Number of protein chains: 2
Amino acid sequence: MKLSDAEWHLMNALWEDYPATARDIMKRLDSRIQWAYTTVKTMLTRLVGKNAMSEEKKGNTSFYTPLVSQKKAQRSALKSLVDKVLGGTVEPIMHYLVEEKKLTSEERHKLIRLLEDMDHTAEENKNEPD
Amino acid sequence: MKLSDAEWHLMNALWEDYPATARDIMKRLDSRIQWAYTTVKTMLTRLVGKNAMSEEKKGNTSFYTPLVSQKKAQRSALKSLVDKVLGGTVEPIMHYLVEEKKLTSEERHKLIRLLEDMDHTAEENKNEPD
DNA sequence: GACAATCTTCTACAATTGTAGTATTTTTTT
DNA sequence: AAAAAAATACTACAATTGTAGAAGATTGTC
């Protein structure tokens, strides 16, 4: 499942709450995005075609529901980034997190705790549902 | 600077060592990639057009040199992913690192050390060159 | 029930991306 | 120097992406 930039916006809006109509989704878009209603519809139709979401009509109106979880989509995007851009290494990510993202000391510590915590629980979590 | 998937392959190959000819770059591509020589040339021309690399001819042959550092390109890709896909939060990245990437305990500890280390040196590194 | 608002489906069109062929120019080998 | 090998420039073309208008169907309102 490969989403384009514009498609990510739609999916993010849909994941916020669903089932949702095109109008609902449109309203939730970041205010910097100013798409015509028909543009939104076109994108939604394409997303349905890709099986990223389903469409169910009630009367005249379509309701959309995601067919992929946000978590799965995020992971797959991350994975493809790591493979393609970073050549499989994760260290640039850490550098990015700390330098570019300008994590505060507190956030850094939170991440350290998270890592330590995962160190203990990673095994059990292998089968967690999405 | 926005690179397409195919362009990432070329750039990664060029960053390995440069200046390089189209033929050099082609040889370095992952063996799963089987592009015609002219395909490589087309992509390179486009990358030159985007100012991602420069082209200098010695006689009949072009030598390419990156105009953006790998580090900068990686960071900008990461930033755009975090903004667009993850809505600005970095926690999914950590989860990805630990669960999807299946980091070993040792790697986790290395990351923890890295984070701790950065915690101390982040300040000085703010002006580091790329 | 007529008019307005809303929704849908179709069609469109330019830019970007993936992929490569052809024709021409250079360079390298016999 | 003639032939072969290699490089270049130009052209092409389908798929995907971003963006939206037009026309028709449905629904809400006075």
Side-chain angles (χ1 to χ4, degrees), chain A residues 1-14 18-65 73 76-77 80-81 83-85, chain B residues 1-14 18-65 73 76-77 80-81 83-85:
Chain A
M1 178 78 53
K2 170 90 169 158
L3 301 172
S4 75
D5 284 12
E7 287 169 346
W8 272 103
H9 288 297
L10 274 320
M11 289 303 294
N12 281 331
L14 179 59
Y18 52 85
T21 66
R23 196 62 70 177
D24 293 337
I25 292 172
M26 196 178 166
K27 286 208 199 90
R28 291 183 206 144
L29 292 174
D30 186 303
S31 63
R32 278 164 299 181
I33 299 176
Q34 292 295 344
W35 287 335
Y37 177 79
T38 50
T39 300
V40 173
K41 281 292 289 183
T42 302
M43 300 293 311
L44 290 175
T45 301
R46 286 180 187 169
L47 282 163
V48 170
K50 286 192 178 189
N51 287 311
M53 51 176 77
S54 67
E55 179 175 12
E56 195 190 353
K57 303 192 78 169
K58 289 216 159 56
N60 185 36
T61 305
S62 287
F63 288 80
Y64 299 91
T65 308
S76 118
S80 110
L81 183 92
D83 292 350
K84 175 182 69 197
V85 172
Chain B
M1 177 76 54
K2 170 89 169 156
L3 301 173
S4 75
D5 283 14
E7 288 170 345
W8 271 104
H9 287 298
L10 273 320
M11 289 304 294
N12 281 331
L14 179 59
Y18 53 83
T21 66
R23 198 62 71 176
D24 293 338
I25 292 171
M26 197 179 168
K27 286 208 199 90
R28 290 183 206 144
L29 294 173
D30 187 302
S31 62
R32 279 165 297 182
I33 299 176
Q34 293 295 343
W35 288 335
Y37 176 80
T38 49
T39 300
V40 174
K41 281 292 288 185
T42 302
M43 300 293 311
L44 290 175
T45 302
R46 286 181 188 169
L47 282 163
V48 170
K50 284 191 178 189
N51 286 311
M53 51 175 77
S54 66
E55 178 176 12
E56 195 191 353
K57 304 193 77 169
K58 288 216 160 55
N60 186 36
T61 305
S62 287
F63 288 80
Y64 299 91
T65 307
S76 117
S80 110
L81 182 93
D83 292 350
K84 175 183 70 197
V85 172

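Quick caveat: nothing in here was measured; it's all calculated off a predicted structure. Reckoned from all heavy atoms, side chains included, excluding hydrogens, waters and symmetry mates. A note on names: the letters A, B, ... follow the listed sequences, proteins ahead of strands, and every chain is numbered from 1.
- Summarising the geometry, the separation between CD on B:Gln34 and C1' on C:dA20 is reported as 14 Å, rounded to the nearest angstrom.
- When distances are taken from the side chain of B:Thr38 to each of C:dC7, C:dC10, C:dG21, the shortest belongs to C:dG21.
- In this structure, the side chain of A:Lys50 engages the main chain of A:Lys2 through a donor-acceptor pair within 3.5 Å.
- Here A:Ser62 pairs with A:Glu55 under the side chain to side chain donor-acceptor pair (under 3.5 Å) rule; sequence neighbours left out.
- Comparing B:Tyr64 and A:Lys58, the nucleotide of DNA chain D nearest to each residue sits closer to the 5' end for B:Tyr64.
- Residue B:Lys50 is in sugar-phosphate contact alone, with no base atom involved, counting any heavy-atom pair closer than 4.0 Å across all strands shown.
- Here C:dT22 presents its P atom at 17 Å from OH of B:Tyr37, a figure rounded to the nearest Å.
- The closest side-chain donor-acceptor pair between A:Thr21 and A:Asp24 falls under 3.5 angstrom.
- Atom pair A:Lys27:NZ and C:dT6:C1' shows a separation of 12 Å (rounding to whole Å applied).
- Judged by distance alone, with hydrogens and angles left aside, the side-chain atoms of B:Asn12 form a donor-acceptor pair with the main-chain N or O of A:Lys84 at under 3.5 Å.
- Atoms CG and CG, from B:Leu10 and B:Leu47 in turn, are 5.5 Å apart once rounded to the nearest 0.5 Å.
- Scanning atom types as modelled, no donor and acceptor separated by under 3.5 angstrom connect the side chain of A:Arg23 and the base of C:dT8.
- Using a 4.0 Å heavy-atom criterion, one finds that B:Thr39 contacts the bases of the nucleic acid, with or without backbone contacts as well.
- B:Thr21 comes within 4.0 angstrom of no nucleic acid atom, judged by non-hydrogen atoms across all strands.
- Going from atom CH2 of B:Trp35 over to atom P of C:dG21 covers 15 Å, rounded to whole Å.
- The line from CE of B:Met53 to CG of B:Leu14 is 4.5 Å long, rounded to the nearest 0.5 Å.
- Counting only heavy atoms from C-beta outward, the side chains of A:His9 and A:Trp35 approach each other to under 4.5 Å.
- The residue B:Thr61 sits close only to the backbone: its heavy atoms come under 4.0 Å of sugar-phosphate atoms, none of a base.
- Contact footprint of chain A on DNA chain D: nucleotides with an atom under 4.0 Å from a non-hydrogen protein atom, first to last in 5' to 3' order, D:dT17 to D:dT27.
- A straight line from CG of B:Asn60 to C1' of C:dT28 spans 11 Å, rounded to a whole angstrom.
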